[in-house]
Amino acid sequence: MSGPLSGVKVLELGGIGPGPFAGMMLADLGADVVRVDRPGGGAFFPGMEHLDLLNRGKRSVVLDLKRPEAVAAVLSMAAVADVLIEGYRPGVAERLGLGPEACHARNPRLVYGRMTGWGQDGPMAQQAGHDIGYIALTGALHAIGAAGGPPQIPVNLLGDFGGGGNYLVIGVLAALREADRSGQGQVVDAAIVDGTAHLLAGTHMMLATGTWADERGVNLLDGGAPFYAVYETADGRHMAVGALEPKFYAELLAVLELDEDPARQHDKAHWPALRDKLAAAFASRSQAEWSAVFAGSDACVAPVVSLREAADHPHIKARGSIVEHEGLLQPAPAPRFSRTPTALGTPPPAPGRHTLEVLEEWGVADAAAG
Ligand SMILES: CC(C)(COP(=O)(O)OP(=O)(O)OC[C@H]1O[C@@H](n2cnc3c(N)ncnc32)[C@H](O)[C@@H]1OP(=O)(O)O)[C@@H](O)C(=O)NCCC(=O)NCCSC(=O)C(=O)O
């Protein structure tokens with residue numbers, strides 16, 4: 001296995017969303033990730049486990065953790081692992097006998113990563129939830145959408161993955177580094193509400209400076225500014241315009257051949273008229289035509305393409321950011337490394353495919369535990 005985390009052993013107790021995403025990232029980075037699936041798989045999309053990209057590059061063991069022998073097997077695996085990650089409701093791992101105390105008794109160096117929406121404590125810790133509810137409580141969902149319209153759902157990118165799985169990985173990596181020095185593991189409590197709130201640092205900065213109103217669709221970076229917005233083209237597609245800096249804004253006006261005073265960029269009273277002008281300009285040609293017109297320019301304009309179209313965009317293609325691998329269209333590992341390059345992992349395994357192989361390899365005595 002290549003990648004900077006080559007040789008790092010990760011045990012992932014199977015959950016949904018952000019936990020598996022964090023496991024995928026660790027596998028992308030080269031770690032040996034073993035996922036413990038429950039009998040019957042417990043997949044979000046049953047029967048389609050081979051398409052579950054969040055499990056690429058991992059091996060799967062199926063263990064019924066309601067059986068003491070299976071719990072003993074997982075504890076033995078935790079004894080030789082560097083990292084354990086779990087995404088149950090707080091207290092579930094403890095009830096199974098796999099909480100941090102039980103695991104640290106077997107392996108004091110273990111980094112024990114916990115992924116939840118609300119966090120390990122607080123009044124809502126025990127409540128069920130999903131991305132949309134978690135981001136709602138941080139102010140993020142309120143901030144997204146057009147002025148006068150309802151909040152818009154940013155897929156489940158912001159909470160589950162941006163504020164969730166990513167922060168679990170960051171926490172795990174920091175704790176691993178510290179464990180190298182101290183010889184001790186610790187618990188990483190990654191909560192989507194914390195991570196999403198943290199992602200809002202820049203927005204809070206603008207709020208503090210009085211340059212951001214606590215409303216959606218009226219600000220510099222939420223579509224309020226006409227030079228940072230999305231416009232419809234003649235064929236019903238869209239172009240994304242992000243001409244923030246005066247020199248790039250001037251370039252936008254030049255390419256569009258708009259009769260407009262560049263000095264009025266930040267004149268809010270002028271914004272409605274400017275938006276109308278930009279809308280009329282973009283509505284005059286197709287997305288493909290505008291893409292050709294803006295190619296190579298610094299006007300910061302890009303076509304809004306679909307998930308499938310993205311893979312065919314010349315830049316995305318040249319970078320190999322989204323690739324077809326083993327018959328599956330998927331994003332490539334990110335970021336990239338100069339000395340220890342990463343590679344796309346093995347396809348998502350069927351649950352339990354590696355039970356015997358892994359239990360043997362990780363030296364777990366009772367290989368029949370599952
Ligand atoms: C998502 C959940 C609300 C789902 O709630 P539940 O279905 O009630 O699951 P819980 O985690 O509470 O408990 C899981 C139960 O499964 C049992 N369990 C788990 N693994 C096993 C195995 N291998 N074998 C046997 N039994 C098992 C475990 O003991 C618990 O049983 P008992 O002990 O008997 O109860 C919760 O897991 C949760 O809050 N997780 C943290 C946050 C999270 O992941 N949110 C969703 C993000 S995804 C998202 O937002 C999105 O996709 O959109």
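In listed order, ligands and their atoms are each counted from 1. Each residue takes its place number in the sequence, starting with 1. In this text, all values refer to a predicted model and were calculated from it rather than measured experimentally. Only heavy atoms go into these numbers, but all of them, side chains included; no hydrogens, no water, no symmetry mates.
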Residue pairs involving residues 233-257 (criterion salt bridge (charged side-chain N to carboxylate O under 4.0 Å, His left out); sequence neighbours excluded): Arg237-Glu309

Side chain to side chain donor-acceptor pair (under 3.5 Å): pairs with one or both residues in residues 284-293, sequence neighbours excluded: Ser286-Glu289

Ion pair Arg353/Glu49, N-O distance below 4.0 Å: no

Set of residues that line ligand 1, where lining means a heavy atom lies under 4.0 Å from it: Ile16, Pro18, Asp37, Arg38, Pro39, Leu63, Asp64, Leu65, Lys66, Gly87, Tyr88, Arg89, Val92, Arg95, Leu96, Met115, Thr116, Gly117, Ala128, Gly129, His130, Asp131, Tyr134, Asp160

Modelled atom types, side-chain donor and acceptor of Asp28 and Thr342, under 3.5 Å: no

Pair Lys317 + Asp312, salt bridge at N-O below 4.0 Å: yes

With sequence neighbours excluded, residues passing salt bridge (charged side-chain N to carboxylate O under 4.0 Å, His left out) with Lys277: Glu260

